[in-house]
Amino acid sequence: MPVRGLDEAPAPLGSLGLEPEVEAILAAQGITSLYPPQAEALPHILAGRNLLLSCPTASGKSLVAYLALLRAVRAGRTGLYLVPLRALGQEKAEELGAFEPLGVRIGLSIGDFDLPAEKLEKLDLLVATSEKADGLLRRGSPWLDRLGCVVVDEVHLLRDPERGPTLEVTITRLRQRHPELQLVALSATVGNAAELGEWLDARRVESEFRPVPLRQGVYHGGRILFSDLSTRALAPPGDAMPRLVRTVIEEGGQALVFVNTRKGSEQAAQLLTGTVRPLLTREERAGAAAAAAELEGLGEEETEGSRRLAELLPHGVAFHNASLTNPERRVVERAFRDRRLKVLAATPTLAAGINLPARRVIVRDTTRYDDRLGMNSPISAGEVQQMCGRAGRPRFDSTGEAVLIARSPEEEERYLDQYLSAPPEEVVSRLAAEPALRMHLLALVASGDVTNEAELERFFAATFYGQTLPMSELVAKVRTVREYLTRHGFLVPTEELRATPFGRLTSDLYLDPVSALLLREAIEKAPLGVSPFSLLAALAQTPDLPPFYLRRGDLPHLLERFAEEQQELLIQPGASDGVTEELELFLAGLKTAESLEQWTDEVPVLELTRALGIGAGDLRSKVEDAQWLLFGLSRIAATFRPALRRTVDELALRVQYGVRTELLDLVRLRGIGRVRGRALYAAGYADRESLRAAPLARVAAALSSTALAETVLRELRPPRPGSARASTGAPSVPPVQDPPAPTKGGRDRRRPSLEEYSDS
DNA sequence: TGGTTGATACTATAGACAGCATGTC
DNA sequence: CTATAGTATCAACCA
């Protein structure tokens, strides 16, 4: 049963004009009535009108969106759900899965989990990141032809300087392509909803409603001062954090602690073990220990994060940040959701990401290091609100508490004013950023949607930027960018706007033109026997592969390597005296290339990450980036340097699996990654062919697992010809993915129970 | 001489999208 | 511009 606000009456479901089948599915999730904002939004949805729904997080916005999408499907159209984060996409796709009994076919299109075109064609609903949707538009995907409804989740992210422009362009393009489209935009509370609603030509529903009421306050000197000026004393003993944590656990709740560094998240977790452990019941202790055991069952190569988590989890405490691997994060998230964990100390990963609320949110830090400034600076009120918004767990908490920790009376007052009473932020367009314009101008032209100056103007006039800001700055930037694209061979130098083949390729590959240019230069220049390192170093000079952070201590070694390899480098740094900022950036690229080189040399993850001072999650994401760029490089090589294409493809595979060349054959086996592949190789099995006749016992010995050996051999020796694949998943053998291919992090595709749906 | 203590300097700092082709209990 | 915690370095000091 959804918990509702105390003073607002829910609207019973029966009278709202929903189809009985839909109502039945909702009822099965325990949804028998709608929250006030949902009820207010529904008539607009059912009338096919555009809608901007701005409410706090977790106030049931998604449900409204789902109903809009269903309506489109019922009318024989398709629906698109745009999300800003992959993890969010998975969450939404799983939730939408509840409607599959209605015959609705749902798919997910995100970077590391995509569908082949034939399957896409059959889908009624697609959940996609805005970049993926942009990609569909660029390629003129026929799936879009029947589009009837688009949901834009977290539309306030239009103000994100990096990815906001993509969202803005995607929305504008979708609307131009489908004038009859129903647009449903979901947003946090924003200062200028009216302006945004006007651009979207949408009715507005704004509300502060929360299913679980939220109290926000500042902790100082043993008590919380709430924004309504009431106070609450917390029983001693203990410093701020332990006390806030202890008291909420004693009342049966959980705590989410937000900190500003990764290290801080680990330390906070460590610090709180002493507070939490004594408060656990025997069952809880067992559950927490089981979570620790899950980490081992992940089948991942050993990581630092896994070790530290394993130490913390039995105490009912964990940390969560981007240095963790995706499967590791999932274990932590699940344990917290199951309430086996009492406290989670997290960096902002969790604030913007998936829905993981707790009764009490503790905001420990209100500043964060800013690289450009070289020091800490205060985080925005919006960001603090976002963290606070995670307080209050439906079904388990009657109210949520968000508490900032102040270190002085002055700070207490400042937090109250600056953060808790701050007006919501305004959404502004960031479209005039040159890197964004480079990509999108090229895409507009390459897709043929814009063929001349007039159409270009019409397009930009239709954007949020065009609707809200003076066009002069944008026009000037567009001119600069157009010149750049023409000068470097992306656009044909004529009056009409037309892309060259290279321009189209760049757009299709979703590359930043600057990257495409560097890659082209590198591959054209490369000798036949070009080394993997040289190719990786070229990738790492590209804006699409941001380098690892450069530490002082890295400098001597990198300068040495630079001197060694200078002749071989395909992209050279600009000439300069001494170690300038520019050279440092270049060296950071070398460091990144070197880490990828070691990955492909089978250096153990644990060793590699320690040497670089990074997390396994960072390595994974860098590997993913590199893999994607190598695919692009391969396509560019196909045009400009066919002789090197195979070299690039081989490197791409090596990067994908993290192996030397000789393991490339073995690693194609299901369940065999870099570690097991090497073990088989060392046992004398150099390829799949040599394994085929191998005795089970020896393979089992090499893999230290009979079950796994059976699976592997079964794949090689299909019992019935032609059904090799079908037979690999015999019920007696659990699927073991180790180590998983880097991009596929072994995500959890289990169908969630209905109970889990009703959580959001 | 060897070891401890303490002042001082140094170091590092959140997050995460994209191509393509495919698959389980 | 509005930082801070952890660690490495080194000199002063003590037994």
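No experiment lies behind these values; they were computed from the predicted model shown. The sequence lines fix the lettering, A, B, ..., with proteins before strands; numbering per chain opens at 1.
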Of the nucleotides [options], which has the atom closest to the [X] side chain?
X: Arg670(A); options: dA14(B), dG23(B), dT13(B); result: dG23(B)
X: Asp544(A); options: dA3(C), dA18(B), dA14(B); result: dA18(B)
X: Ala322(A); options: dG15(B), dA3(C), dA14(B); result: dG15(B)
X: Tyr510(A); options: dC17(B), dA18(B), dT2(C); result: dA18(B)

Looking at [Y] and [X], is there a salt bridge between them, counting it only when a charged N and a carboxylate O are closer than 4.0 Å?
X: Arg163(A); Y: Glu131(A); result: yes
X: Asp508(A); Y: Arg504(A); result: no
X: Glu304(A); Y: Arg308(A); result: yes
X: Asp512(A); Y: Arg438(A); result: yes

What does [X] touch in the nucleic acid at a heavy-atom separation under 4.0 angstrom: a base, only the sugar-phosphate, or nothing?
X: Asn321(A); result: sugar-phosphate
X: Pro84(A); result: sugar-phosphate
X: Arg372(A); result: nothing
X: Leu509(A); result: sugar-phosphate
X: Arg368(A); result: base
X: Ser377(A); result: base
X: Gly632(A); result: nothing
X: Leu629(A); result: nothing

TODO: Could you tell me whether a side-chain N or O of Ser141(A) sits under 3.5 Å from a main-chain N or O of Trp143(A), the two making a donor and an acceptor?
DONE: yes
Can you see if the side chain of [X] gets near the phosphate of [N] - specifically, an N or O under 4.0 Å from OP1 or OP2?
X: Arg364(A); N: dT4(C); answer: no
X: Lys622(A); N: dA16(B); answer: no
X: Gln267(A); N: dA5(C); answer: no
X: Arg262(A); N: dA12(B); answer: no
X: Arg86(A); N: dC17(B); answer: yes

TODO: Starting at CG of Leu350(A), measure out to CZ of Phe319(A) and round the result to the nearest 0.5 Å.
DONE: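 Separation between the atoms: 13.0 Å.
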TODO: With C1' as the reference atom in both, quote the distance from dT2(C) to dT13(B) in angstrom, rounded to an integer.
DONE: 16 Å
Task: Interatomic distance at P, dA3(C) relative to dA16(B), whole Å - done: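 So the two P atoms sit 27 Å from each other.
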Write down the distance between [atom1] ([X]) and [atom2] ([N]), rounded to a whole number of angstrom.
X: Arg552(A); N: dA9(B); atom1: CZ; atom2: P; result: 17 Å
X: Asp365(A); N: dG15(B); atom1: CG; atom2: C1'; result: 16 Å
X: Arg407(A); N: dA3(C); atom1: CZ; atom2: P; result: 11 Å

Open item on the list: Using a 5.5 Å cut-off between ring centres and planes within 30 degrees, is Trp628(A) stacked on the base of dA18(B)?
Closed with: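 Here the ring of Trp628(A) and the base of dA18(B) are stacked, with centres under 5.5 Å and planes under 30°.
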- [ ] Hey, which sits more toward the 5' end of DNA chain B by its nearest nucleotide, Glu162(A) or Thr129(A)?
- [x] Glu162(A)
- [ ] Report the residue (Lys132(A) or Gly374(A)) whose heavy-atom-nearest nucleotide on DNA chain B is the more 5′ of the two.
- [x] Gly374(A)
- [ ] Tell whether Asp625(A) reaches the base of dA18(B) with its side chain through a donor-acceptor pair below 3.5 angstrom.
- [x] yes
